[in-house]
Novice: 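Please find one structure pasted underneath; my questions will follow.
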Amino acid sequence: MSEMWTAKLRKKWQKNLPIEKLLPDDQPAYVASWIYVFGVLTLSALAMIIFSGIILAFEGPAWYHTSDAGKFVNSLHFWSVQLFFVFMVIHLWGKFWMAAWRGNRFATWATGAVAFIASIATAFTGYLVQTNFDSQWISFEAKDGFNSVGVGAWFTVTNLGQMLLLHVAFLPLILGAITVVHVLMVRKRGVVPPIDAEPSSVSEGGR
Amino acid sequence: MSTVKESFDAAPWKGKTKRYDIVKEGSVALAFVMVLTIILSLFMGSPDETPLTFKGWAVSNSDNFYATAVQELAGTSGTATYGAPYNKAADGLNLGPLWLQKWAGVTRPIDSVNDFVISPLSTQVMSTDIASALATWNSATAAQKQAWATAYDDAITNAEGKLADVPSGAYGPVPALAQGLTDMAKAGALDAALLSQGGFFQTDNTKQILFFGDGAYLDDAGTAANLQGGTWGMMNETGRYPGQAWLWLYSFWYQIPPFNNEESKPIGANADAYIMAIMGVLSLGLILIPVIPGIKTLPMRIPIHRGIWRDYYRSQAIRKPKK
């Protein structure tokens with residue numbers, strides 16, 4: 001009898017990503033630079049974006065125009081997005097200069113790059129649903145770019161309802177899924193070794 | 001890179017390790033970001049410029065609103081002459097032989113005459129003059145309507161937008177319709193009328209946004225707020241707030257020739273399409289950096305990594321026997 005799909009999946013998961021890799025209590029000694037904190041800072045800012053975004057979603061897109069509490073939550077959302085991009089760009093540059101795709105880590109790099117692009121799309125739709133002058137201006141200006149390559153026939157930046165749904169449902173789902181896959185790949189593959197590290201240099205091992 | 005080195009980089013690290021509390025790291029990072037975000041929010045707030053309204057436009061620049069209404073009737077406005085996805089008045093932009101805008105078709109049809117002028121006017125309790133003008137317009141042939149509106153639009157253009165200088169002529173009901181729409185906008189009734197066409201629940205502001213863009217009001221406000229594309233406007237925000245700085249590369253192309261010259265064919269005249277294509281290719285390039293010759297080896301040739309892993313390299317230098 002062939003093995004059950006569930007059993008196959010469990011074995012594969014346990015082989016590739018055991019709990020020791022998912023929640024490690026040690027790491028290579030070469031991980032000793034401030035550049036490493038920008039990955040977790042990016043995730044933290046994303047958590048703040050989601051938290052403040054959920055509150056905004058409950059109250060609706062026009063809430064923050066008329067309420068001090070709404071204005072504060074909108075400000076949390078605004079600044080966590082700004083910080084998110086600052087952290088993510090530093091993280092991205094850091095990983096580039098580490099050539100962090102080495103050692104079968106192409107997919108880790110690629111999912112990170114796709115997450116960056118998806119973040120830009122998500123933030124862009126956020127600017128369109130501010131329901132203020134800025135969103136009027138951005139939607140009028142941006143439509144030409146999307147229309148010029150035919151995308152505007154379906155992705156209508158002047159349609160508040162469409163942009164709102166994409167911003168609070170579809171795009172966060174995509175971004176969240178890519179981010180989870182990216183983090184799991186980091187845990188599975190581990191942190192990339194220094195560029196000039198040689199097999200002969202690690203024979204001693206241990207803490 | 002040799003296969004041995006690639007296998008080594010891929011294998012679990014066998015060398016020196018140190019204690020690492022991943023849960024503590026995540027918790028401290030989250031607390032740090034929370035505090036930083038709260039401080040920024042309390043002291044800086046967030047941008048929220050009040051949206052423009054048709055009432056504001058018609059009150060502050062009545063002549064421009066009036067002239068724009070005439071353009072909508074004459075079919076000479078930006079929306080009326082746009083092409084896909086709103087109408088078939090133009091072929092739109094192209095990427096060489098690729099007419100993607102045209103090929104995508106008219107998926108969001110807009111009839112500037114009826115959607116922007118006649119239908120909103122028809123929803124109002126109107127004066128005898130406007131009711132009579134609407135009846136005259138609705139009973140005229142298409143050719144007659146076009147002749148009236150074109151003659152009046154040309155006359156306003158020749159008078160450089162100064163309505164007082166426009167000579168009398170065979171304009172039919174067009175002046176009355178334009179005045180009726182201007183009065184409607186001044187009363188604050190046009191904003192809702194444009195949105196509510198077609199039913200009770202409406203979430204699509206396309207008609208409002210496009211009508212706004214046909215006049216000078218939105219454009220002037222964008223210029224005043226330093227938001228125009230030619231001045232890096234796509235990455236700016238109103239007030240003194242940071243905008244979408246991550247769009248800097250997209251904005252960059254609009255600042256340099258030939259993209260910043262609409263007269264330059266074929267690229268400048270189709271800048272939007274070319275820049276979207278360039279950014280598509282560059283985005284793909286970002287994803288594929290690990291396999292692009294020349295770029296994938298850049299980190300090995302420029303030793304920034306020596307700073308990132310300086311402790312490791314220092315320890316290796318100590319371990320290596322001096323020759």
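Residue numbers start from 1 in every chain, and the chains themselves are labelled A, B, ... in the order their sequence lines are given, proteins ahead of strands. Below, each value reflects all heavy atoms present in this structure, side chains not excepted, and no hydrogens, waters or symmetry copies.
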Novice: Report the distance from atom CZ of A:F140 to atom CG of B:N205, rounding to the nearest 0.5 Å.
Specialist: 14.0 Å
Novice: To the nearest 0.5 Å, what is the distance between CG (A:N147) and CG (B:L100)?
Specialist: 12.0 Å
Novice: Where along residues 149-173 of chain A does a heavy atom come under 4.5 Å of chain B, listed by residue number?
Specialist: A:V149, A:G150, A:G152, A:A153, A:W154, A:T156, A:T158, A:N159, A:L160, A:G161, A:Q162
Novice: Can you tell whether the side chains of B:D9 and A:R105 come within less than 4.0 Å, N to carboxylate O?
Specialist: no
Novice: Tell me yes or no: between the side chains of B:Y82 and A:D144, is some donor less than 3.5 Å from an acceptor?
Specialist: yes
Novice: Any chance the rings of B:W13 and A:Y30 have centres within less than 6.0 Å?
Specialist: yes
Novice: Name the atoms and distances for all side-chain donor-acceptor pairs under 3.5 Å in residues 43-57 of chain A, with sequence neighbours left out.
Specialist:
from	atom 1	to	atom 2	distance (Å)
A:S44	OG	A:V40	O	2.9
A:S44	OG	B:L30	N	3.3
A:S52	OG	A:M48	O	2.8
A:S52	OG	A:I49	O	3.2
A:S52	OG	A:H77	ND1	3.0

Novice: Nearest 0.5 Å please: distance from the CD1 atom of B:I22 over to the CG atom of A:D25.
Specialist: 10.5 Å
Novice: What I'd like to find out is whether the side chain of B:P242 reaches to under 4.5 Å of the side chain of A:F78, using heavy atoms alone.
Specialist: yes
Novice: Find the one option among B:R306, B:Q208, B:R108, B:Q228 whose heavy-atom pairs under 4.5 Å with chain A are most numerous.
Specialist: B:R108
Novice: Working to the nearest 0.5 Å, report the span between OH of B:Y274 and OG of A:S148.
Specialist: 11.0 Å
Novice: Of all residues at least two apart in sequence or in a different chain, which pass the side chain to side chain contact (heavy atoms under 4.5 Å, CB included) check with B:P51?
Specialist: A:Q136
Novice: Would you say the side chains of A:S75 and B:S46 form a donor-acceptor pair under 3.5 Å?
Specialist: yes
Novice: Among all residues two or more places apart in sequence or in another chain, which pass the side chain to side chain donor-acceptor pair (under 3.5 Å) test with B:N226?
Specialist: B:T231
Novice: Would you say the side-chain atoms of B:E6 pair up with the backbone N or O of A:N104, donor to acceptor, closer than 3.5 Å?
Specialist: yes
Novice: Rounded to the nearest 0.5 Å, what separation is found between the CG atom of A:D196 and the NZ atom of B:K5?
Specialist: 7.0 Å
